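None of these values were measured; they are calculated from a predicted model. Convention: sequence-line order gives letters A, B, ...; per-chain numbering from 1.
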Protein chains: 2
Amino acid sequence: MPPKPKTEAERQQLRTLIIDAARELFVARGVEAVTMREIAKRIDYSATSIYLHFADKEAVLRAILDVDMLALAKRLNTILQISDAVERMQALGFAYAEFALSFPNHYRLMFMAERTPCDPEKSSLQKNNAEQDSYFLLKTVVNDVYLAGRFRAELQDVDLIAQTIWAGIHGVCSLEINMARDKWVNWAEISARLQLMQTVLIRGLLREPT
Amino acid sequence: MPPKPKTEAERQQLRTLIIDAARELFVARGVEAVTMREIAKRIDYSATSIYLHFADKEAVLRAILDVDMLALAKRLNTILQISDAVERMQALGFAYAEFALSFPNHYRLMFMAERTPCDPEKSSLQKNNAEQDSYFLLKTVVNDVYLAGRFRAELQDVDLIAQTIWAGIHGVCSLEINMARDKWVNWAEISARLQLMQTVLIRGLLREPT
DNA sequence: AACATTTACTTAACGGTGTTAATTTAACGG
DNA sequence: CCGTTAAATTAACACCGTTAAGTAAATGTT
């Protein structure tokens, strides 16, 4: 039974209703496995109604990722209360990994699934705002360590350092998410793998005296 | 026009014809985007003929991965000619990354795409044979470094060390493959990222003197 | 030599997909 | 009070993976 006029607030409400239903299903069973009809059923609408709010399935996914990137950034920002720069950097790695391993399907959507590249222009998130942009937060945290003169002398590119740390932690998490059920490899405990990666990153990047 | 009898060799030939056509398409455009009808057209058969040789699309993919895992192992084995254990270990990392970055869609199928876990029972590859099992090759190479007493004293688990190296290299490669087109991040050169990861791994894992 | 059987393959068809077009229903502005 | 418009629906399209049913050629048996 379709009534007519809808305030902008109501439209937005329905948008987030769709996003939340879709996320729950995507996370539980993967994007490809979930149908538009299924998402619609979940919120008692017809499948075609979704197209009044999103261009296509991909657009629903993008909207979800935008919201979740913000959630990740918010979560990671809690480490800013740590005063020591190096400790803060390590804590960021652990917080990131905790997110990835707590919500593996989430993480897969965000950082492992094939997708069209994310354009800052088209995102609702503000780039270079640490509260919304997790990469910028990482860069900031790395930069603090850099300014404290704790990195090895030859390491002068903060982006390069940040990307190496990201790669290390992401490597551990993504292998865990994708391959850890594989019987082929005799996997060590994920906590041990994560801890060793952190240690290796710190030892490999910081100056010798502690 | 269907003739009747086919030798086992001919059956096998058709199997690899299907595999090769499917791989080419999968690698070019991703598994989901390629249809069975398309694979069939490529080799001038009807779509249903594929089902005479494979249970379903997933089975075609598995067969491809089996072949390609072997190809990767073969490629990586060339590093065994290097005599120094530490150099050999580094060379393995570079060779692995070269494979991943040269055949990104291949690599995605093998190590990044969601898939049912790989069971050694059902694979044609021999586990713990360095010529076919790349993880075993890595473990062997790591073990040589271990036996040479080059790792830090507290590192006693060869699997853990191997998995950390794998995670580091995989992290660099998978971020490159999935995210490097992303305008959000100011990416450093991939060669610099790979080199720094190698350096960090070596510094983080090996004993101090050299 | 004739014929039933088996094999390799094809076309037809099924249920389901993302998406678009056409249609209905309800509230608003005049 | 009625046409317009917005929100929703149902119908429909082209295509997907897969299965069922059908067809043609080589074989083994008689």
Side-chain angles (χ1 to χ4, degrees), chain A residues 1-65 109 113-116, chain B residues 1-65 109 113-116:
Chain A
M1 311 84 173
K4 191 174 107 191
K6 221 153 206 185
T7 77
E8 188 53 37
E10 283 172 319
R11 279 188 62 82
Q12 191 55 43
Q13 197 176 347
L14 183 46
R15 250 185 82 93
T16 67
L17 200 65
I18 295 169
I19 288 180
D20 290 344
R23 174 172 30 232
E24 213 171 311
L25 293 169
F26 284 176
V27 163
R29 311 210 318 277
V31 179
E32 306 285 353
V34 174
T35 73
M36 296 297 265
R37 288 164 174 86
E38 213 171 346
I39 298 170
K41 196 166 219 172
R42 191 87 156 201
I43 56 171
D44 278 317
Y45 278 85
S46 75
T48 50
S49 288
I50 298 176
Y51 289 88
L52 301 175
H53 298 269
F54 298 93
D56 51 21
K57 196 179 177 183
E58 164 89 10
V60 177
L61 176 59
R62 300 291 278 235
I64 292 175
L65 291 187
L109 291 186
E114 193 164 9
R115 56 193 184 79
T116 51
Chain B
M1 312 84 174
K4 192 174 105 192
K6 222 154 205 184
T7 75
E8 188 53 37
E10 282 170 321
R11 280 187 61 83
Q12 190 57 43
Q13 198 177 345
L14 183 45
R15 250 185 81 94
T16 67
L17 200 65
I18 294 169
I19 288 180
D20 290 346
R23 174 172 30 232
E24 213 170 309
L25 293 169
F26 285 176
V27 163
R29 311 210 319 278
V31 179
E32 306 285 352
V34 174
T35 72
M36 296 296 266
R37 288 165 172 87
E38 213 172 345
I39 299 170
K41 196 165 217 172
R42 191 87 156 201
I43 56 172
D44 278 318
Y45 278 85
S46 75
T48 50
S49 288
I50 298 177
Y51 291 87
L52 301 175
H53 298 269
F54 299 93
D56 51 21
K57 196 179 178 184
E58 165 89 11
V60 177
L61 175 59
R62 300 291 276 234
I64 293 174
L65 292 186
L109 291 185
E114 193 165 9
R115 57 192 182 78
T116 51

Closest listed nucleotide, where the reference is the side chain of A:Arg11 and the choices are D:dA7, D:dC16, C:dT19: D:dA7
Short N-O contact, B:Glu38 and B:Arg42, less than 4.0 angstrom: no
Distance, rounded to the nearest Å, where B:Ile43 contributes CD1 and C:dA8 contributes C1': 13 Å
Atom pair distance, as rounded to whole Å: CD1 in B:Ile50 and P in D:dT19: 13 Å
Length of the line joining B:Leu52:CG and C:dT7:P, which is rounded to integer Å: 12 Å
Any donor-acceptor N/O pair under 3.5 Å between C:dG16 base and A:Arg37 side chain: no
Any B:Tyr45 side-chain N or O less than 4.0 Å from OP1/OP2 of C:dT10: no
Length of the line joining B:Leu17:CG and C:dC9:C1', which is rounded to integer Å: 15 Å
Between CG on residue B:Leu52 and CZ on residue B:Arg15, distance to nearest 0.5 Å: 12.5 Å
Closest to side chain of A:Thr48, choosing from D:dT10, C:dT10, C:dT19: D:dT10
Integer-rounded Å distance: C:dT19 C1' and A:Ile39 CD1: 13 Å
Nearest-angstrom distance from the residue atom CG of B:Leu25 to P of D:dG17: 12 Å
Closest listed nucleotide, where the reference is the side chain of B:Thr35 and the choices are C:dT19, D:dC16, D:dT9: D:dC16
Sugar-phosphate, base or nothing in reach of A:Val60, heavy atoms under 4.0 Å: nothing
Nearest-0.5 Å distance that lies between atom OH in A:Tyr45 and atom CG in A:Leu17: 7.0 Å
A:Lys41 NZ to D:dT9 P, straight-line distance once rounded to whole Å: 13 Å
Sugar-phosphate, base or nothing in reach of B:Leu14, heavy atoms under 4.0 Å: sugar-phosphate
Pairwise distance NE2(A:His53) to CD1(A:Ile19) - rounded to 0.5 angstrom: 11.0 Å
Straight-line distance of A:Ile50 CD1 to A:Ile39 CD1, nearest 0.5 Å: 5.0 Å
Of A:Met36 and B:Ser49, the one whose closest DNA chain C nucleotide lies more 5': B:Ser49
Under 3.5 Å on both distances, the Watson-Crick or G-U partner of C:dG30: D:dC1
Atom-pair distance (CD on B:Glu10; C1' on C:dT7), nearest Å: 12 Å
